[in-house]
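All remarks here apply to the structure that follows.
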Amino acid sequence: MSSTVRVRIAPSPTGDPHVGTAYIGLLNYIYAKQRGGKFILRIEDTDRTRFVPTSEAMIFEALRWLGIDWDEGPDVGGPHGPYRQSERTEIYRAHTSTLIENGSAYRCFCTPEELDQRRKAQLAAKMAPRYDGTCRRLTKEQVDANLAAGKSFTVRLAVPAEGATVFRDELRGEITIDHHNVDDQVLMKSDGFPTYHLANVVDDHLMEITDVIRAEEWISSTPKHVLLYKAFGWELPKFWHMPLLRNTDKSKISKRKNPVSLIYYRQAGFLPQAMLNFLGLMGGGMPAPGDHNNTPEQNRAAEIFSMADMLERFVFERISLGGPVFDLVKLKWLNGEYLRALSKEEFAQQMRDVIFSDAFLAKLTPLVQNRVETLAQVGDIADFLFKDNVVPAEDVWMPKKRSREETLAFTGELLAALEGAEWAEPAIDAAIRALLTAKEWSVKEGFTLLRTIMTGTASSPPLLESLGIFGKARSLDRMRRFLDAQKKISKS
RNA sequence: GGCGUUAUGGUGUAACUGGUUAACACGUCGCCCUCUCAAGGCGAAGAGUCCGGGUUCGAGCCCCGGUAACGCUACCA
C-alpha cells in the first residue's frame, strides 16, 4: 500500500447538501492537505429509494462554495474511478461472491415482511432485534433449490458467533464490541445494490484510503467493517470518529430544529469563510490562545481564522469529543465580523451577488410590474423577499373557523408536504392542494395561512410565484421558524 | 431494552507531564459614545469542572462505582 495519505468523504445524494457533510469534509480536507495527501469525493448513491437526481450537483457546488475541493471525484476523475457507487455494482458483485465462497457471507432468502414480523416479535419479547440466522443454517442443496426457484435474496455478513472485535479509534483508543452485539448485516440488497457497509469497505480499500475520518454515529458499526477487511485479507485504515454536530437540545443536528442545508446558508447571506471558520470552531481542533493578558481585540481574533490558518495550525489530536451545539447565534456573530471586514466595494458586490442579483430582479419583475404605480412601491409589496425575519400577526394567519392547535398542526403537515415537493409551481401547488383536500381545508384558508407565514400579511403577489423565486431552502426555513416561535408562545 | 460514546458557566472552547482566587469567545445585563439602531469602548453577573467515593501534601486532570445525554440497534447512510 502506498504511504501517501488518502482520505475521503462519501455523501449520499438524498437531498440538499448538509452542513454535517461540510463539517466532515472540512476535517478530511485539512487532514489531507496538512500531510500532502489526497482528498477524494465519492458519491454514495446505492439507495435508489432515497435518490434525488439534483442532489449530486448541489453537493459539488456547495462544497466548492466553501472552498473544500477534491483531488479525485465523479466530476474530476482520478485513477481509482468510477467515484459514483451506482457505477461500481459489478465490483461489489464480484467481491460479494468472494465473501460467499470463503464463507464470510451467505445468501438470505427471508422476505422483508418476514423480517419485519420477527423484529416486532423480538421487540415485543424485549429481545434485541437481530437477524435470527435462519438462512445461515441453510444447506447447499436448499440454497441451490431457492436459487433455481428464482427466489430473490440478500447477502449477509456471517458474524462470528463468539468473540469480539477490537479496533482502535485514533481519538478514543481501543474500542471493544462483543460479537453478540453485531448483527448479520445485509451487505447486498435484493436489488443488487450494496449497502453502505460493503460498498464503503470495498471502495475504501480499492481507493487506497488510509484514514477513515467520519462521524461518531459510525462507531457502532465499525466492527462490521473490520470484519469485512479481515474477510478480504486487507489492511485496515485508521479510524477517526468525529463528534456529531448537535441541535440546541443536544440531539443530532436535524432540519426540524436547525437549518442544515448549505443552500440555505448561502442564500440567506452567510459568507463561506464565516461558515468554514465556524465549523473549524466545532470540536476545538484549533489551538485557542485566548488569554486574560490579551486585549479584547486579540482574544476575538484568536477565534477568527481562515482555511489557510487551519491548514497551518489545526491539530486533530486536540479535537474534543463532546458533541458541539451548532449555535446559530455565534455563527451570525462571526458572519457579521466577516461582513464588516469587507471593503465597501466587496460588500456591495456581495449584495449584488446574493440578494439583489440581476437574475433575482428579473424573476421578481413579473410579480411586481403591473402592481405598482411608482418604482418606490416595489418595496411596499415585495419587502418580505428582502427580509430575514417576518412576524405574522396572529389574527391574520389563524383562520376564523380553526383553532390555534389545529392550525399549527396543519402547518406542520404543510411543511412536511412541501419538504417532499419539487420546487416548481405546479408541484408546490399540487402538494398544497392535496393536503387541503385530505384535511378538508378550503383553498382560501390554506393559501392565506401560508401567505401570511411567508409574507407577514394577508395580501401579497401571487403566492406560488413568490415561493418559487424565494427558494425552497429559505421558504421552508421561514415555516419552521414560524412553528418554533408559535410553539414557544404556546408553552409560555 | 441491549451495546457504544461522551460529560468544564446558557453555547463553543482553554487550563503544560495533577500545583495557587478555573481562562477566552459568543450570548445576557449595565454604562459610555451617539439623532435612533447597530458597530466600537468600559464593566458586571454567570461554572467550582455530572454525582459519590478513593489515591495524593494537593485532582477538572489519576482509580473505582453510579447518573445523564447522545448515537447505533433497517434490504438508510
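In the text below, chain A, chain B and the rest are named by the order of the sequence lines, each starting its count at 1.
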With a cut-off of less than 4.0 Å, is there a side-chain N or O of [X] near OP1 or OP2 of [N]?
| X | N | value |
| --- | --- | --- |
| A/Thr195 | B/rA77 | no |
| A/Lys250 | B/rG12 | yes |
| A/Arg156 | B/rC75 | yes |
| A/Lys252 | B/rU5 | no |

Starting at [atom1] of [X] and ending at [atom2] of [N], how long is that distance when rounded to a whole Å?
| X | N | atom1 | atom2 | answer |
| --- | --- | --- | --- | --- |
| A/Lys126 | B/rC3 | NZ | P | 15 Å |
| A/Leu198 | B/rA74 | CG | P | 18 Å |
| A/Arg318 | B/rG12 | CZ | P | 17 Å |
| A/Ile219 | B/rA77 | CD1 | C1' | 16 Å |
| A/Arg214 | B/rG71 | CZ | P | 17 Å |
| A/Arg300 | B/rC26 | CZ | P | 5 Å |
| A/Met286 | B/rG12 | CE | P | 19 Å |
| A/Leu245 | B/rU13 | CG | P | 9 Å |

Proximal nucleotide (of [options]) relative to the [X] side chain:
| X | options | answer |
| --- | --- | --- |
| A/Lys330 | B/rC3, B/rA25, B/rA77 | B/rA25 |
| A/Ser190 | B/rC75, B/rG40, B/rA74 | B/rC75 |
| A/Arg119 | B/rC75, B/rC76, B/rG71 | B/rC75 |
| A/Leu115 | B/rA25, B/rC75, B/rG71 | B/rC75 |
| A/Val186 | B/rU5, B/rG12, B/rC75 | B/rC75 |
| A/Thr46 | B/rA77, B/rU13, B/rC75 | B/rA77 |
| A/Ile177 | B/rC3, B/rA74, B/rG27 | B/rC3 |
| A/Ser320 | B/rU13, B/rU73, B/rC24 | B/rU13 |
| A/Trp333 | B/rU6, B/rC72, B/rC26 | B/rC26 |

Euclidean distance for [atom1], [N] against [M] (whole angstrom):
| N | M | atom1 | answer |
| --- | --- | --- | --- |
| B/rG58 | B/rG4 | C1' | 35 Å |
| B/rC29 | B/rU21 | P | 32 Å |
| B/rA59 | B/rC16 | P | 16 Å |
| B/rA15 | B/rC37 | C1' | 39 Å |

So, do [X] and [Y] sit near enough that their side-chain heavy atoms are less than 4.5 Å apart?
| X | Y | answer |
| --- | --- | --- |
| A/Ile9 | A/Leu63 | yes |
| A/Met275 | A/Val19 | yes |
| A/Arg172 | A/Ile219 | yes |

Cation-pi, A/Tyr106 ring and A/Arg156 (6.0 angstrom, 45 degrees): no

Hey, which of these two, A/Ile319 or A/Thr176, hits RNA chain B nearer its 5' end, going by closest nucleotide? A/Thr176

Closest-nucleotide mapping onto RNA chain B: is A/Thr111 or A/Ser220 further toward the 5' terminus? I mean the 5' end.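 It is A/Ser220 whose nearest nucleotide is closer to the 5' end.
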
N-glycosidic conformation, B/rG53 - syn within 90 degrees of 0, else anti: anti

Answer with base, sugar-phosphate or nothing: what part of the nucleic acid does A/Thr49 contact at a heavy-atom distance below 4.0 Å?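 Since no nucleic acid heavy atom lies under 4.0 Å of A/Thr49, the category is nothing.
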
Could you check whether the rings of A/Phe60 and A/Trp70 sit parallel, tilted or perpendicular, using 30° and 60° as the cut-offs? tilted

From CA spacing to verdict: side chain to side chain donor-acceptor pair (under 3.5 Å), A/Thr98, A/Glu101: CA-CA 5 Å; A/Thr98 306; A/Glu101 280 158 26; 5.4 Å; no

Look at the side chain of A/Glu303 and the base of B/rG12, then say whether one donor and one acceptor between them are separated by less than 3.5 Å.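 Flag set: donor-acceptor pair detected.
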
Short side-chain to backbone donor-acceptor contact, A/Ser55 and A/Gly15, under 3.5 Å: yes

